[in-house]
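First comes the structure, then the notes that go with it.
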Amino acid sequence: MKYLVRDKIFSIGDDYWIEDEHGHHAFLVDGKALRLRDTLEIKDPGGRVLVTLREKALSIRDAMTVERDGQTLATVRRKRLSLLRNHYRVTLAEGTELDVSGRVLDREFSVEHDGELLARISRKWFRVRDTYAVDVVRDDADTALLIAVAVCVIRMAEKEREDG
């Protein structure tokens, strides 16, 4: 299932619907304004918070956390940089690790677990410049988590570009 995401929505204070490939509202992104750290909530269409994304405070290396029900579900960190690809590691609370690699700033990257593709993020399906898709490959995948991971690595990559 593909989910349509627009880049410009991920500024603090903005709310935006992420739609499924059929044009139905799938997730509401709520950008919490007036917080010390970046905070975004991804909610279901009924308004229930599924995951909260936070910039990790006082982290030696840039990191963001994805929380569910007040508990850390995953921590996203930069792994390494090559000339053409970005690499991030997502450590889930129970110890499982996901690898994120590709051209994050170009919105062409993938999320994998032990070499198995979980999601592909791409702009190639759209003509609108500020739109990309999160294509969740597995039916049993945690869609909200995979969308949150995509948003986290994009925010981190853009912040690195601004700071670097």
Side-chain angles (χ1 to χ4, degrees), residues 1-21 24-33 35-57 59 61-79 86-105 107-113 116-123 130-160:
M1 174 74 80
K2 288 187 181 93
Y3 296 89
L4 193 73
V5 183
R6 289 192 179 89
D7 278 335
K8 65 183 176 188
I9 64 157
F10 294 113
S11 58
I12 300 305
D14 288 350
D15 294 351
Y16 179 80
W17 283 102
I18 294 175
E19 298 173 349
D20 66 18
E21 60 191 297
H24 301 112
H25 289 174
F27 301 99
L28 176 66
V29 177
D30 185 355
K32 297 296 183 185
R35 299 267 175 109
L36 291 174
R37 303 181 288 169
D38 283 354
T39 303
L40 295 169
E41 291 178 342
I42 298 179
K43 300 177 178 181
D44 68 12
R48 185 174 63 95
V49 176
L50 300 174
V51 292
T52 302
L53 289 63
R54 296 185 201 277
E55 186 178 62
K56 200 161 174 143
S59 177
R61 295 175 60 193
D62 283 336
M64 289 187 77
T65 58
V66 179
E67 300 171 5
R68 180 172 282 146
D69 300 324
Q71 302 293 317
T72 299
L73 177 64
T75 302
V76 181
R77 286 190 171 83
R78 183 183 180 106
K79 188 173 169 185
N86 300 101
H87 296 272
Y88 292 83
R89 172 152 295 138
V90 180
T91 305
L92 302 181
E94 81 276 357
T96 302
E97 291 187 339
L98 307 179
D99 287 310
V100 180
S101 64
R103 297 183 323 275
V104 173
L105 292 172
R107 309 306 187 259
E108 296 292 337
F109 59 97
S110 60
V111 180
E112 298 179 347
H113 174 256
E116 180 185 356
L117 181 66
L118 300 178
R120 183 177 306 110
I121 291 74
S122 180
R123 275 194 174 140
D130 64 350
T131 303
Y132 63 92
V134 176
D135 183 10
V136 178
V137 177
R138 290 183 46 158
D139 291 336
D140 62 345
D142 185 338
T143 302
L145 172 63
L146 292 172
I147 289 172
V149 165
V151 171
C152 284
V153 298
I154 289 168
R155 287 180 74 90
M156 291 171 70
E158 287 179 345
K159 189 171 185 179
E160 289 169 19

Given 3.5 Å as the limit, does a donor-acceptor pair link the side chain of Arg107 with the main chain of Leu105, or not?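 Judged by distance alone, yes, a pair lies under 3.5 Å.
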Which atoms form the tightest heavy-atom contact between [X] and [Y], and what is the distance?
| X | Y | result |
| --- | --- | --- |
| Glu97 | Thr91 | OE2-OG1, 3.8 Å |
| Val149 | Val111 | CG1-CG2, 4.2 Å |
| Arg68 | Leu50 | NE-O, 3.1 Å |
| Ala26 | Pro45 | O-CD, 3.3 Å |

Is atom CD of Gln71 surrounded by more than 12 heavy atoms (other residues, nucleotides or ligands) closer than 6.0 Å?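 At most 12 heavy atoms, drawn from other residues, nucleotides or ligands, come within 6.0 Å of this atom.
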Could you check whether Glu108 and Ser122, counting side-chain N and O atoms only, form a donor-acceptor pair closer than 3.5 Å?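 Glu108 and Ser122 do have a side-chain donor-acceptor pair below 3.5 Å.
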To the nearest 0.5 angstrom, please state how far the NE2 atom of His25 sits from the CD atom of Glu19.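 Interatomic distance, His25 NE2 to Glu19 CD, rounded to 0.5 Å: 5.0 Å.
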From CZ (Arg138) to NE2 (His113), nearest 0.5 Å: 9.0 Å
Report the residue from Phe27, Trp17, Tyr132 that forms a ring-ring contact (aromatic ring centres under 6.0 Å, His included) with Tyr3. Phe27
Test applied, side-chain contact (heavy atoms from CB on, under 4.5 Å); reference residue, Ile18; option that passes from Ile147, Val151, Leu4: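 Testing Ile18 for a side-chain contact (heavy atoms from CB on, under 4.5 Å) against Ile147, Val151, Leu4 leaves exactly one candidate, Ile147.
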Just wondering, do [Y] and [X] contact through their side chains at under 4.5 Å, heavy atoms?
| X | Y | value |
| --- | --- | --- |
| Ile42 | Leu53 | yes |
| Val66 | Thr72 | no |
| Val51 | Val49 | no |
| Val136 | Leu118 | no |
| Ile121 | Asp135 | no |
| Leu92 | Leu145 | yes |
| Leu28 | Glu41 | no |
| Arg155 | Glu55 | no |

Could you tell me whether Arg89 and Asp99 make a salt bridge, using a distance below 4.0 angstrom between a side-chain N and a carboxylate O?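 Answer for the salt bridge query: yes.
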CA sep, side-chain torsions, deciding dist, call: Met64, Arg54, side chain to side chain contact (heavy atoms under 4.5 Å, CB included): CA-CA 5 Å; Met64 289 187 77; Arg54 296 185 201 277; over 6 Å; no
As a quick check of understanding, evaluate side chain to side chain contact (heavy atoms under 4.5 Å, CB included) for Thr143 and Met1, giving each step before the final call. CA-CA 9 Å; Thr143 302; Met1 174 74 80; over 6 Å; no
Any chance you could lay out the side chain to side chain contact (heavy atoms under 4.5 Å, CB included) test for Leu40 and Thr52, step after step, and finish with the verdict? CA-CA 6 Å; Leu40 295 169; Thr52 302; over 6 Å; no
For a side chain to side chain contact (heavy atoms under 4.5 Å, CB included) check, start with the C-alpha distance between Arg77 and Tyr88, then their side-chain angles and the critical distance, and finish with the verdict. CA-CA 6 Å; Arg77 286 190 171 83; Tyr88 292 83; over 6 Å; no
